[in-house]
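Below: the structure, in structure tokens.
In what follows, chains carry the letters A, B, and so on, assigned in the order in which the sequence lines appear, proteins first and then strands, with residues in each chain numbered from 1.
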Amino acid sequence: MSASPVRVRFAPSPTGYLHVGGARTALFNWLYARAHGGTFVLRIEDTDAARNTAAAQAAITDGLNWLGLDWDEGPEKGGPHAPYYQSQRGDIYDAYFQKLADAGHTYTEDNGAVRFRSPREIIILPDKIGGDIKIDRTEEPDMTIRRPDGSYIFHFVNVVDDIEMQITHVIRGEDHIYNTGKHIELFRALGAEPPVYAHIPLILNGDGSKMSKRDQGAAVGYYQENAFLPAAVVNYLCLLGWSPKDDREILAIDEILPLFRWENMGHSNAKFDMEKCRWFNAQYLAQLDAPSFDHLAIAWLLRQEPLLPGTDDPRLVGALPLIQPKIKSITELAEHLPMLFDSAAPIADEARTKLAAQPDLALRLNTLLTHLEAVTDWTAVNLQTAVANAASALAIKPGTLLFPLRVLTTGQAHGVDLLPALEWLGRKAALARLNARVVSLTNAAN
RNA sequence: GACCCUUUCGUCUAACGGUUAGGACACGACCCUUUCACGGUUGUAAUACGGGUUCGAUUCCCGUAGGGGUCGCCA
């Protein structure tokens, strides 16, 4: 069997932002190409000059690069079928248009628009995911393929380029199913064999509506800005409409490739769940080595305005390992840095309330303070001993003292592992915070 | 409205026609723990409905209902 080499393409139009649905379409094309030793083509469908922007185009290439979806032919890369911008392929379209016209497949409207004369048949689309799909074209009006100003319509250029670029498989959203009926007519009229089609189900909001620009996470840029790990996003996106058919979820791309087959594709739309996406991110974040985490964190911190506490503090790199295991996304640094770097941060309401529930608080705090002040070699291990001794003196469990200690040193009820954090903070700073807050608390109580 | 696709826990999904219908996110409980977390165990929770076919249906067929898509001189 000498099947022709696989050639797939992602063909976005640069009119807005890179939608997660589009990104997943690109991802599935990329996976199919990589799984079959094929070629992944990126083609920019910018025939509608009025709606195209350079920013939108950058969002596409930036987003794909960020996700790690490298293309073999396309913008910035070139290839045997260049150019890969439809706006630069007018001569090719003219030639194909002439061919269609010469064969009598077209006619011109009074205003100059040109339509394709539909054969008006029932088309059975053999879809790799949906099976045989019936598309009744017998009652449909003829599609316009060229505007009065001479510019060409999507259907026409899309098919011409798929022929020219020798695309073998078209993997796109199922919102294109009816377009495919039109496209098959054009392929046939141009004497070309239509490619293999696979229409993938769509990604929707949690409420079932279409994800649009204002929905959180609809744009790939959202994940870039919020410093998600691209591998985590890719992993999550794969599981929307594809399954390894076993219980695995955390899968490296290399594990996915051999399992990326049509029979593993889902047939129904999937609702996007940001919580689960964040969970994937947390899983990947936890596996990151320290230098990579630091790099990611610092890059994100430097983009914040105003800068978060600690951003330009030399102790930052020491604090990051404390934070890494506690967060699901880099953006949560915003919650952790103030309590570590802002010694005057007010005590959070939740922490204050829980603290007030402690019996004999003043006695406990003073006992704790006394034992801590006796620690000269300020390490987590020694602090642990000191807390244990204080607890023993009070005849209570050590754990009882940890929460008050947390609140008095950080001002928060939640946060990083406490004793290592106090070691990082240092004896002088930690005791200063403790004393100051004990005083304020005692005064308030009286 | 017409046509097409689709329907398993709230969500993502698994289950050669025979399973106590499994896993994951989220949520609750318990355990671990020297705090906060992680982790472990566990609980609540699903085959849309009605007909067939079959010894037996989540699985195959038909219908109904719900959801989505499409109906451009946008892509």
Side-chain angles (χ1 to χ4, degrees), chain A residues 11-16 22 45-48 50-52 86 109 111-115 125 127 129-131 133-137 139-141 143-149 151-155 157-158 172-182 199 201-204 206-210 236 238-250 266-280 282-283 286 322-323 325-327 336 339 351 380 383-385 387-388 390-391 397-407 409-410 412-419 421-422:
Chain A
S13 95
T15 55
E45 307 222 326
D46 55 351
T47 52
D48 189 351
R51 303 194 339 166
N52 300 147
Q86 289 189 327
E109 298 272 19
N111 68 358
V114 178
R115 288 182 186 264
L125 161 65
D127 193 86
I129 294 170
I133 298 170
K134 191 185 82 182
I135 301 175
D136 187 348
R137 300 274 308 149
E139 305 291 327
E140 296 301 315
M143 70 179 124
T144 305
I145 60 171
R146 196 175 74 169
R147 300 184 186 89
D149 68 1
S151 64
Y152 295 99
I153 301 292
F154 158 70
H155 304 296
V157 293
N158 188 268
R172 50 167 43 155
E174 68 178 21
D175 51 333
H176 278 287
I177 284 180
Y178 276 84
N179 289 334
T180 296
K182 298 179 181 178
H199 289 89
L202 307 178
I203 299 178
L204 309 173
D207 65 2
S209 64
K210 210 171 189 170
Y236 176 66
C238 280
L239 260 16
L240 254 28
W242 171 89
S243 164
K245 300 294 182 187
D246 55 33
D247 289 341
R248 287 179 296 165
E249 292 205 302
I250 302 292
H267 293 198
S268 56
N269 295 345
K271 291 174 182 170
F272 190 90
D273 184 353
M274 183 57 84
E275 276 308 312
K276 188 149 187 176
C277 185
R278 280 165 52 78
W279 178 80
F280 272 94
Q283 297 295 310
L322 299 169
I323 301 174
K326 301 292 177 182
I327 60 179
H336 284 84
M339 76 177 89
L383 290 172
Q384 184 177 319
T385 307
V387 170
K397 293 204 297 187
T400 317
L401 291 174
L402 266 293
F403 185 78
L405 182 57
R406 169 181 294 283
V407 174
T409 49
T410 69
Q412 297 292 324
H414 308 276
V416 301
D417 200 16
L418 188 60
L419 270 13
L422 293 184

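Here B:U11 presents its C1' atom at 8 Å from NZ of A:K276, a figure rounded to the nearest Å. Distance A:E140 CD to B:C3 P: 12 Å, rounded to the nearest Å. Residue A:L202 contributes atom CG, which lies 10 Å from atom C1' of B:C5 at whole-angstrom precision.
Base pairing annotation: B:C49 forms a Watson-Crick or G-U wobble pair with B:G63, both donor-acceptor distances under 3.5 Å.
Counting non-hydrogen atoms of other residues, nucleotides and ligands closer than 6.0 Å to NZ of A:K245 gives a total above 12.
The side chain of A:K326 approaches B:C36 more closely than any other nucleotide in the set B:C36, B:G68, B:C3. Side-chain proximity of A:L418 to B:U70, B:U35, B:A75: nearest is B:U35. When distances are taken from the side chain of A:H176 to each of B:C73, B:C36, B:A75, the shortest belongs to B:A75. Of the candidate nucleotides B:C4, B:G68, B:A26, B:G68 has the atom nearest to the side chain of A:N269. Each of B:G69, B:C74, B:A26 was ranked by its minimum atom distance to the side chain of A:W279; first place goes to B:A26.
When the nearest nucleotides of RNA chain B are assigned to A:G130 and A:S243 by heavy-atom distance, the more 5′-ward of the two goes with A:G130. Position along RNA chain B of the nearest nucleotide to A:F403 versus A:R51 favours A:F403 as the more 5'-ward residue.
With salt bridges taken as basic N to acidic carboxylate O contacts below 4.0 Å, one links A:K276 and A:E249.
A donor atom on one side chain and an acceptor atom on the other are found under 3.5 Å apart for A:R147 and A:S151. Inspection of the A:T180 and A:R172 side chains reveals an N or O donor paired with an N or O acceptor under 3.5 Å.
Regarding contacts with the backbone of B:C4, every side-chain N or O of A:R137 stays at 4.0 angstrom or more from both OP1 and OP2.
On the P atoms, B:U41 is 16 Å away from B:G22, given to the nearest whole Å.
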